[in-house]
Amino acid sequence: MLKVVRTFLIIVLNLIFYGLVAFGAVQVCHFSYSFAYDILGDTSMELPPGEDKLFTVTESQNEFTVAKNLEEMDLVKNRYSFYLRMQLKKTDTTELKPGSYTLNTSMPYDEILHVIVQ
């Protein structure tokens with residue numbers, strides 16, 4: 001009887017362990033896909049018509065600070081994915097344009113970059 005109970009517990013614990021491993025693998029894959037889509041896809045914070053917000057870029061701000069501020073104002077989903085998109089689009093002649101801009105929460109990342117980067 002004790003041997004049957006022990007075998008049953010081992011099987012149950014193995015099922016729980018491998019179930020958790022499979023669940024974790026699915027979650028990692030989902031996060032990775034979503035993050036990659038935010039970097040490379042046509043991503044916006046919300047569907048049109050969205051909400052207009054005034055966003056200011058100062059001369060002293062670096063690109064990551066701008067990405068962080070955009071996320072805090074709910075203009076981009078994720079500061080890290082926006083920053084990486086900005087780095088991928090960057091060339092030797094591109095830089096942030098200081099100024100105040102009216103951005104919409106439904107603007108895709110590329111449109112926001114077109115407005116704030118020269």
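Count residues from 1 along the sequence.
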Kindly indicate whether the side chain of [X], heavy atoms from C-beta on, has any atom under 4.5 Å from the side chain of [Y].
X	Y	value
T58	P98	no
E63	K90	yes
T105	K53	yes
L96	N62	no

Which atoms form the tightest heavy-atom contact between [X] and [Y], and what is the distance?
X	Y	answer
S106	P49	OG-O, 3.4 Å
L54	T102	CD1-OG1, 4.2 Å
K77	D38	CD-OD1, 4.0 Å
L113	M86	CD2-CG, 3.7 Å

Exercise. I would like to know whether N69 and F55 meet side chain to side chain contact (heavy atoms under 4.5 Å, CB included); could you show each step before the answer?
Key: CA-CA 9 Å; N69 293 342; F55 183 75; 3.7 Å; yes
Quiz item: Hey, mind stepping through N104 and M107 against side chain to side chain contact (heavy atoms under 4.5 Å, CB included) and telling me if it holds?
Solution: CA-CA 5 Å; N104 192 294; M107 290 173 76; 3.7 Å; yes
Exercise. Kindly determine whether Y80 and F35 satisfy ring pair (Phe, Tyr, Trp, His ring centres under 6.0 Å), including the steps that lead there.
Key: CA-CA 9 Å; Y80 303 107; F35 190 72; 7.5 Å; no
Let me check something: do [X] and [Y] share a hydrophobic cluster, defined by ILVMFWY side-chain heavy atoms less than 4.5 Å apart, either directly or through other members?
X	Y	answer
M45	Y37	no
I16	F8	yes
L40	Y83	yes
M73	V115	yes

Quiz item: Between F82 and E71, does a side chain to side chain contact (heavy atoms under 4.5 Å, CB included) hold up when you go through it step by step?
Solution: CA-CA 9 Å; F82 184 81; E71 181 185 43; over 6 Å; no
Self-check item: Atom pair CG (L75) and OH (Y109), whose distance is rounded to the nearest 0.5 Å
Solution: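 So the CG of L75 and the OH of Y109 are separated by 10.5 Å.
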Quiz prompt | Passing option when V117 is tested against T94, T91, V57, V66 for side-chain contact (heavy atoms from CB on, under 4.5 Å) | solution =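 That would be T94; it is the only one of T94, T91, V57, V66 passing the side-chain contact (heavy atoms from CB on, under 4.5 Å) with V117.
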Quiz item: Quick one: salt bridge (charged side-chain N to carboxylate O under 4.0 Å, His left out) partners of D52, sequence neighbours excluded?
Solution: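 In terms of salt bridge (charged side-chain N to carboxylate O under 4.0 Å, His left out), with neighbours along the sequence ignored, D52 is linked to no residue.
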